[in-house]
Amino acid sequence: MANNISPQAVVSPKAKIGQNVTIFPFAYIEDDVVIGDDCVIYPYVSVMNGTRMGSGNKIHQNTVLGAIPQDFKYRGDATTLVIGNNNIIRENVVINRATFADGETRIGDSNFIMEGVHISHDTHIGHRCVLGYGSKIAGDTEFQNAVILSSNVIINPGCRIGVGAMVSSGCRVSRDVPPYIVANDNPVTYGGLNEKVLANNGVDDKAQRHISNAYRLVFHGKTALHDDILQIREQIPDGVEIHNIVEFLDTTKLGIIGKEIGQ
């Protein structure tokens, strides 16, 4: 199908535009840009050099994709932002491309990124995440799949958010948030399981009890995280979710929320 590109949009002839793409008036598309099939680019969107976008994305007004990283280490390299398929990116979102040529900022598939979100350089967002109004995500962070941020969440540099986790409104996160949990309050603490997401993803009551028991060992005891992992392996029946939890805990570099460093 033919594209519908407004003559009032500024679209570089060097940009690679797929089929059935709609670009509204006053959008701005730079040279080194790829936009896949069936995308919609609303007015006043800026798509900057280094942006690689898949198909079926909807980018709303005043969003800036592939912005120069706000990182003092950036030296002008040609760097990239890679966006997957079927994402909804609402108004006033800013997503920075990577700092160095061998890195990338990456957004997966089927994410909903709400108004005013800022995603910094070299952050990796998985699939089916919801990022709430006004949330700010620092550089070099990692979101696994099906993560939910409520509004005005701050994620500090290098943090990881585990699969199926939810971070409540206004939280300021400086350590890793393990899979399948709700993170509450400031300082951020363990607020129980994200039961709705687990149920929506077909995790039955028995498996949820195993997850709950695993986190009881982690958050209600006084042992070090290394010992918690050993106890989970010894005491909790194995399964996909338990494997994900153990792997996440075993690879943390910053420590996890709700547990003192050294524990």
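Only this structure's heavy atoms are used, side chains among them; waters, hydrogens and symmetry mates stay out.
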For the side chain of N213 and the backbone of I236, is there at least one donor-acceptor N/O pair under 3.5 Å apart? no
Would a single hydrophobic cluster contain both V167 and V218, if residues Ile, Leu, Val, Met, Phe, Trp and Tyr are joined by side-chain heavy-atom contacts under 4.5 Å? yes
Donor-acceptor check, side chain of H60 to backbone of V45, threshold 3.5 angstrom: yes or no? no
Between T105 and L81, is any pair of side-chain heavy atoms under 4.5 Å apart? yes
State, to 0.1 Å, how close A15 and I29 come at their nearest heavy-atom pair, and which atoms those are. CB-CG2, 3.9 Å
Tell me if the OH atom of Y133 is crowded by more than 12 foreign heavy atoms within 6.0 Å. no
What distance do D204 atom CG and R209 atom CZ have between them, rounded to the nearest 0.5 Å? 8.0 Å
What pair of heavy atoms forms the shortest contact from C159 to S174, and how long is it? SG-C, 3.4 Å
Look only at the side chain of Q70 and the backbone of S120, and say whether a donor-acceptor pair between them is shorter than 3.5 Å. no
Atom CD1 in I137, atom CG in N156: separation rounded to 0.5 Å? 11.5 Å
With a 4.0 Å cut-off on N to O distance, would you call D71 and K73 a salt bridge? yes
Are any of the side-chain heavy atoms of H210 and E241 separated by less than 4.5 Å? no
All heavy atoms of V203 vs all of A207, minimum pair found to be CG1-CB, 3.6 Å
Tell me whether N194 contacts the main-chain N or O of I181 through its side chain, where contact means a donor paired with an acceptor under 3.5 Å. no
Within the 4.5 Å heavy-atom criterion, are T252 and K259 side-chain neighbours or not? no
Would a 4.5 Å heavy-atom cut-off, applied to side chains only, mark I89 and I107 as touching? no
In this structure, would I83 and V64 fall into the same cluster of hydrophobic residues linked by side-chain contacts under 4.5 Å? no
So do the side chains of F143 and N111 get within less than 4.5 Å of each other, counting heavy atoms only? no
For the student: nearest non-hydrogen atoms of L254 and P157, plus distance: CD1-O, 4.0 Å
Side-chain heavy-atom pair M53, I59 within 4.5 angstrom cut-off: yes
Taking the hydrophobic residues Ile, Leu, Val, Met, Phe, Trp and Tyr, and joining any pair whose side-chain heavy atoms are under 4.5 Å apart, which ones share a cluster with L230? none
Minimal non-hydrogen separation, H124 against E104, with atom names: NE2-O, 3.1 Å
Intermediate values then yes/no, side-chain hydrogen bond (donor to acceptor under 3.5 Å, both in side chains), S168 and N184: CA-CA 5 Å; S168 299; N184 290 329; 2.6 Å; yes
If every non-hydrogen atom of G56 is compared with every non-hydrogen atom of C39, which pair is closest and at what distance? N-SG, 3.8 Å
Side-chain heavy atoms under 4.5 angstrom apart, residues restricted to Ile, Leu, Val, Met, Phe, Trp, Tyr: same cluster for L225 and V173? yes
Measure the spacing between CZ of F248 and CD1 of I161 and express it to the nearest 0.5 Å. 7.0 Å
Working for side-chain hydrogen bond (donor to acceptor under 3.5 Å, both in side chains), residues D109 and N86: CA-CA 6 Å; D109 300 335; N86 302 313; over 6 Å; no
Are D185 and C171 close enough that some pair of their side-chain heavy atoms sits under 4.5 Å apart? no
Taking only residues two or more places apart in sequence, or in another chain, which ones meet S12 in a side chain to side chain donor-acceptor pair (under 3.5 Å)? D31
Heavy-atom side-chain proximity of V117 to L149 below 4.5 angstrom: no
Main-chain N/O of V21 paired to N3 side chain as donor or acceptor, under 3.5 Å: yes
Quick one: do V147 and M166 end up in the same hydrophobic cluster if we chain Ile, Leu, Val, Met, Phe, Trp and Tyr together by side-chain heavy atoms under 4.5 Å apart? no
Rounded to the nearest 0.5 Å, how far apart are CD1 of I256 and CZ of F219? 4.0 Å
Derivation of the side chain to side chain contact (heavy atoms under 4.5 Å, CB included) call for S110 and R128: CA-CA 5 Å; S110 302; R128 305 183 311 282; 4.2 Å; yes
When you measure from the side chain of D176 to the backbone of R160, do you find a donor-acceptor pair of N or O atoms at a distance under 3.5 Å? yes
Hey, is NZ on K136 packed in by over 12 heavy atoms from elsewhere, all under 6.0 Å? yes
Donor-acceptor pair, side chain of D250 and main chain of I229, under 3.5 angstrom: no
Checking D37 side chain against Q19 main chain: does a donor-acceptor pair fall under 3.5 Å? yes
Can you measure from CG (D228) to CD (Q235) and round to the nearest 0.5 angstrom? 10.0 Å
Distance from I242 atom CD1 to I211 atom CD1, nearest 0.5 Å? 5.5 Å
Hphob cluster co-occupancy, M48 + Y42, side-chain heavy atoms under 4.5 angstrom: no
Check the pair V40, F24 against side chain to side chain contact (heavy atoms under 4.5 Å, CB included), reporting the backbone distance first and the verdict last. CA-CA 8 Å; V40 179; F24 280 81; 3.8 Å; yes
Under 3.5 Å: donor-acceptor pair, side chain of N49, backbone of G66: no
Full working for side chain to side chain contact (heavy atoms under 4.5 Å, CB included) between H121 and D140: CA-CA 7 Å; H121 64 90; D140 297 297; 3.4 Å; yes
Output, in order, the C-alpha distance, side-chain angles, deciding distance and verdict of side-chain hydrogen bond (donor to acceptor under 3.5 Å, both in side chains) for N20 and D38. CA-CA 5 Å; N20 195 34; D38 303 309; 2.7 Å; yes
Stepwise side chain to side chain contact (heavy atoms under 4.5 Å, CB included) test for I113 and N87: CA-CA 8 Å; I113 302 175; N87 295 285; 5.7 Å; no
Going by an N to O cut-off under 4.0 Å, is there a salt bridge joining R52 and D32? yes
Can you list the steps and then say if N62 with E91 is a side-chain hydrogen bond (donor to acceptor under 3.5 Å, both in side chains)? CA-CA 6 Å; N62 296 310; E91 297 83 359; over 6 Å; no
Within the side chain of T63, is there an N or O that forms a donor-acceptor pair under 3.5 Å with the backbone of V93? yes
